[in-house]
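Below is one structure; the comments refer to it alone.
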Amino acid sequence: MLDIQLIRRDPDAVRAALGRRGPTAAAGVDRLLELDQRWREIRTALEELQAEQNRASKGRKGPPTPEEREQLAALAARGRELSDEETAVRAQRDAELAALPNLPADDAPTEDTVLREVGNSGATGRDHLELAGPRIDMERGARLSGSRFAYLRGDLVFLEFALVGFALQKLRGEGFEPVVPPVLVRERALYGTGFLPDTEQQIYRLPDDDLYLVGTSEVALASLHEDEILAQADLPLRYAGFSTCFRREAGAAGKDTRGIFRVHQFDKVEMFCFVEPGQGPAEHERLLAIEESILTDLEIPYRVVAIAVDDLGASAAKKYDCEAWLPGQGRYRELTSTSNTTDYQARRLGIRYRPAEGRPEHVHTLNGTAVAVGRTIIALLENGQQDDGSVRLPAPLVACGAPEVLPALS
RNA sequence: GGAGAGGUGCCGGAGCGGUUGAACGGGCGCGACUGGAAAUCGCGUAACGGGGGUUGACCUCGUUCGGGGGUUCGAAUCCCCCCCUCUCCGCCA
């Protein structure tokens, strides 16, 4: 959510910034300002009336006389009218405000921009399904749950847990507290992180219980400090969340249908940080550096892409993707992603800190993928494959319990 | 799932429907006392919103006692719904 005071003070700057995302984003600003103007007028009238009521009842000991009672009743009736109107207009205004996406950072590029390529890309070879064989069981997954579901079997299960353990240990060394959060959440958490109303069609919902399945633990990690005022000394707060993620992939029909690249359910270790406003950009670079370091440890060739403004989600001001080279597809594909969401989520979730001077301020939040397990397994299989179809796994994973070599299919 | 108790400020904890933003205690901050400290005493200690303004160090008004409705001239106090916590019974990975 944007700061409405900022929009009032400098609507042109907000319109211009949102305009970089596309023509529709800026249009809401005018509707918002008009509703806000109406709201403030009603609000002023309501408060004047309340002040009058307070003056009349202040110091009162006993019941009023019949004449007084009549006057007071008239005031109260008028107050109810104004109050109802105020509530209605405020709801409309707040809906417009909530629909506005975050202001993009000045240095978020207009076009996707490749910043660098690291590692030996360009190899081609068998894809992950060929290499995994029955260790990725798509047919039975589909029989059980439908398309885009899979059983992970045998050694790949140890590979998954090695990846998770590796990531969590590495992040603990970087000052992140490990967290296993709930994956079923209330609407507020999705609204607060900007996934609602933005990406409603991607989210699984359990209507009988009014709960949603999270598409990323970012939702639960951001909400960890919902409605709290944090101590300045506690910042930055860094969390490494492990959770299963659920995505409907509506609108992706026919896209990435082979294998486990795009599935409805996968596991992920996610980084999430709460920082003082001035620290956001530096923290964002730090998250990107950790993502790159993990890819390097895992010997996965990758490139870093600064994402175009019109491709940012509602909450991100700036975003980097790390794309891994996948020999099975002969191209780079998104593996991890890190966003600086500035104060957008913090404002929606009511997360503030108390600075040394002055009133509480909203913190800035950032998120980044440490390991998206399914896609990382794809990258490891395809990049680690040997001529005979076996797969050599990197040492850091072996140290965490992965087999040195996944044998070829016989 | 059944039965009961309860949710008040940073914490504990009062609160006959009418000067209750909220007693009292603790914590914290500032000051006094002290060679220094403890103890003691004094003062202070919220968030959000509207308006004004030397535009965020000020003034003013309003709101807030889990959340939302309702009754009333007036609600922390009465009624309804929801959320959460605790206890007992049942069930259960």
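First the proteins, then the strands, lettered A, B, ... as listed; each starts at 1.
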With a 4.5 Å cut-off on side-chain heavy atoms, are E249(A) and R262(A) touching? yes
Taking R40(A) for the side chain and L35(A) for the main chain, is one N or O donor matched with an acceptor at less than 3.5 Å? no
Would you check if there is a donor-acceptor pair between the side chains of E41(A) and Q37(A) at a distance under 3.5 Å? yes
Rounding to a whole Å, what distance do you find between M1(A):CE and C48(B):P? 13 Å
For every nucleotide of nucleotides 50-57 of chain B, 5' to 3': is a protein heavy atom under 4.0 Å from its base (B), only from its sugar-phosphate (S), or from neither (-)? BS----B-
Symbol by symbol from the 5' end, with Watson-Crick or G-U pairs under 3.5 Å, [ ] crossing and | another strand, RNA chain B is ((((((((.[[[..)..(.....]]]((((((.......))))))(((((((.....))))))).[[[[[..)....]]]]])))))))....
Mind checking the C1' distance from C73(B) to G68(B)? Whole angstroms is fine. 24 Å
Taking C88(B) as the reference, what is the distance to C80(B) when you measure between their P atoms (whole Å, please)? 27 Å
Out of G62(B), A47(B), C73(B), which has the shortest distance to the side chain of I229(A)? A47(B)
Toward the 5' end of RNA chain B, by each residue's nearest nucleotide, R186(A) or T87(A): T87(A)
Rounded distance (Å) that lies between atom C1' of C83(B) and atom CD of E226(A): 12 Å
Cut-off 3.5 Å, side chains only: do Y239(A) and E270(A) have a donor facing an acceptor? no
Side-chain donor/acceptor of R21(A) to backbone N/O of N102(A), under 3.5 Å: yes
Starting at CG of D3(A) and ending at P of G49(B), how long is that distance when rounded to a whole Å? 9 Å
Pi-cation contact, F274(A) with R238(A) (under 6.0 Å, within 45°): no
Checking K268(A) against T244(A): is there a side-chain donor and acceptor pair closer than 3.5 Å? no
When rounded to whole Å, the CD to C1' distance for the pair E48(A) and U60(B) reads 12 Å
Taking atom CZ of F161(A) as the centre, report whether more than 12 heavy atoms of other residues, nucleotides or ligands fall under 6.0 Å from it. no
Run R186(A) and D210(A) through side-chain contact (heavy atoms from CB on, under 4.5 Å) and show every step you take. CA-CA 7 Å; R186(A) 295 226 181 90; D210(A) 265 327; over 6 Å; no
Of R80(A) and D84(A), whose closest RNA chain B nucleotide lies nearer the 5' terminus? D84(A)
How many whole angstroms separate atom CG of L75(A) from atom P of G62(B)? 14 Å
Please say which of R247(A), R248(A), H264(A), Q265(A) ends up in a side chain to side chain donor-acceptor pair (under 3.5 Å) with Y204(A). H264(A)
How is R352(A) classified with respect to the nucleic acid when contacts are heavy atoms under 4.0 Å: base, sugar-phosphate, or nothing? sugar-phosphate
What interatomic distance, in whole Å, is found between C1' of U72(B) and the corresponding atom of C79(B)? 12 Å
Between C1' on G29(B) and CZ on R354(A), what's the gap in Å once rounded to a whole number? 13 Å
A23(B) and G9(B), which share atom name P, separated by this distance in whole Å: 12 Å
Considering only the C1' atoms, how many Å lie between U40(B) and A47(B), rounded to the nearest integer? 34 Å
Measuring only the C1' atom in each nucleotide, how far is C65(B) from G15(B)? A whole number of Å is fine. 11 Å
Rounded to whole Å, the CD-C1' distance (Q50(A) to U64(B)) equals 12 Å
Roughly how many Å is it from CZ in R347(A) to C1' in C48(B), rounded to a whole number? 13 Å
Taking A46(B) as the reference, what is the distance to A38(B) when you measure between their P atoms (whole Å, please)? 25 Å
Determine the interatomic distance between P on C81(B) and the same-named atom on C86(B); round to the nearest Å. 23 Å
